[in-house]
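One structure is given here, and the rest of the page talks about it.
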Amino acid sequence: MSCLKLTKEEQKMFDGELGEAAAQSMEILVALGKIYGAGKMIPITSSQVSGVSFKTIGEAGLEYLEDLAAKGAKVKVPTFLNPAGMDREQWKEMRIPEDFARKQIAVLDAYAKMGIMKTCTCAPYFIGIRPKRGEHVAWAESSAVAFANSVLGARTNREGGPSALAAAICGVTPYYGLHKDAERVAKLVVDVSGCELRGVADFGALGWAVGKMAKDKYPAFIGIKSANEPQLKVLGASMAATGSVPLFFVEKITPEWNVADGAERVVFGKDDLKKARKEIDSGQKPQLVTIGCPHASIGEIKQVAEMVAKRKPTCEFWVCTARKIKEEADKLGYGRAIESAGGRIVADTCMVVCPLERMGYTITGTDSGKAAVYLPNLCKQMVAFGDLEDILYR
Ligand code: F3S
């Protein structure tokens, strides 16, 4: 039985003294707190809201947002958006259907009315939004949640779109789950010391396989000699896609390391990696290669620009990223290099949340274990999985 205590201010919100939108939002938070046995609410420093693409929220979601905005909802903490269903500037060139674009603009306008920044990225940590270790936040996108908890050491549960928005409007979230020290414990140790991880696709395949075996356990990796942020980003995103993993540790690399006594131990060797990669890849030649799941950093875009300047890919390709990073990439000349090689830097959206299935593609390439999970289910795509050196030139 939960005995959730509210502060005076929280109680006022709940009782409707601070408006209908705050009351509606506090009701969501209180209901969640009761389900999970929270004793109190805890202030948050930021919120990341998912449910931005019209493709995923549909008419019902748009109506809900417009209604909340009309009731005067305003966010209390810095709040930013997950990717939308299209690039706000290039949607026509990208063959996004016009009916879809109109609805997508309405969704973004409703969020903006509430004071939410139209960042439209799943990698806010690459545009300077980096909560510190121990900071409490309410983030919703599964890969961003994994990155915030694991790589930055911040604290967030895996929020749904409505609960992240409610937390943003009230400035608090129920104190349970990954906000508490006692919950941040790994119960699965994965030994990868016999397996050399060479690049993003290897980390993606590792995450894809470990997410499946982790189920509700948080994994702790031993034997990873080095890993940069783009590799950790893909590892976390892929585990979040196959296993809903919101937290992982990597020995000597992530800021926290807390393994339960008697944790289950598994060995993941080079044959397991080979098998996972083979299982994910259809072996087909892609019509479109999509890079940046989660959204690419400026360093990743530089690498792609250098690679395609040396040798032109044999298919169309997109690099998905935040608008702020696209602007920086354009200034540095990477945009021009990518366009000259037949590609495009795509901002505000990604291969999964845009209506790819309505744009004439059926076989899409990726080096991300997460995109490999969602492309068949949400976009009716066959997946070509592998290193960029492979899929761009198949
Ligand atoms: Fe981001 Fe889209 Fe992948 S939201 S994590 S690029 S599926």
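In this chain, residues are counted from 1 in sequence order. Read the numbers this way: they start at 1 and go in the same order the structure lists the ligands and their atoms.
- Heavy-atom proximity to Val352, at under 4.0 Å, picks out these atoms of ligand 1: 7 (S).
- A heavy-atom separation below 4.0 Å is not found between Cys320 and ligand 1.
- Looking at atom 3 (Fe) of ligand 1, its nearest protein heavy atom turns out to be Cys293 SG, 2.4 Å.
- The contact set between ligand 1 and Gly292, taken as ligand atoms under 4.0 Å from a residue heavy atom, comprises 6 (S).
- Put simply, Cys122 stays out of reach of atom 3 (Fe) of ligand 1, with no N, O or S atom under 2.8 Å from it.
- Between Val49 and Thr79 there is a side-chain heavy-atom pair separated by less than 4.5 Å.
- Around atom CZ of Arg95, more than 12 heavy atoms belonging to other residues, nucleotides or ligands sit under 6.0 Å away.
- Of the protein's non-hydrogen atoms, the one nearest atom 6 (S) of ligand 1 is Cys350 CB, 3.4 Å.
- Counting heavy-atom neighbours within 6.0 Å of Lys302 NZ, excluding the residue itself, gives a total of 12 or less.
- Geometric assessment of Arg311 against the ring of Tyr393 yields a positive cation-pi assignment under the 6.0 Å and 45° thresholds.
- Within ligand 1, counting atoms from 1 as listed, the ones closer than 4.0 Å to a heavy atom of Ser143 are 5 (S).
- Aromatic ring centroids of Trp139 and Phe80 lie under 6.0 Å apart.
- Of all atoms in ligand 1, numbered sequentially from 1 with element shown, those under 4.0 Å from a heavy atom of Glu141 are 5 (S).
- A salt bridge (charged side-chain N to carboxylate O under 4.0 Å, His left out) with Glu264 is found for exactly one of Lys187, Lys217, Lys215, namely Lys217.
- Heavy atoms of Ala237 found under 4.0 angstrom from ligand 1: none, in either backbone or side chain.
- The shortest heavy-atom distance from Ser142 to ligand 1 is not under 4.0 Å.
- Under the 6.0 Å distance and 45° angle rule, Lys180 counts as a cation-pi partner of Tyr175.
- Close contacts of ligand 1 with Lys370, meaning ligand atoms under 4.0 Å from a residue heavy atom, involve 5 (S), 7 (S).
- For residue His295, no N/O/S atom approaches atom 2 (Fe) of ligand 1 to within less than 2.8 Å.
- More than 12 heavy atoms of other residues, nucleotides or ligands lie within 6.0 Å of NZ in Lys71, so this atom counts as buried by the packing criterion.
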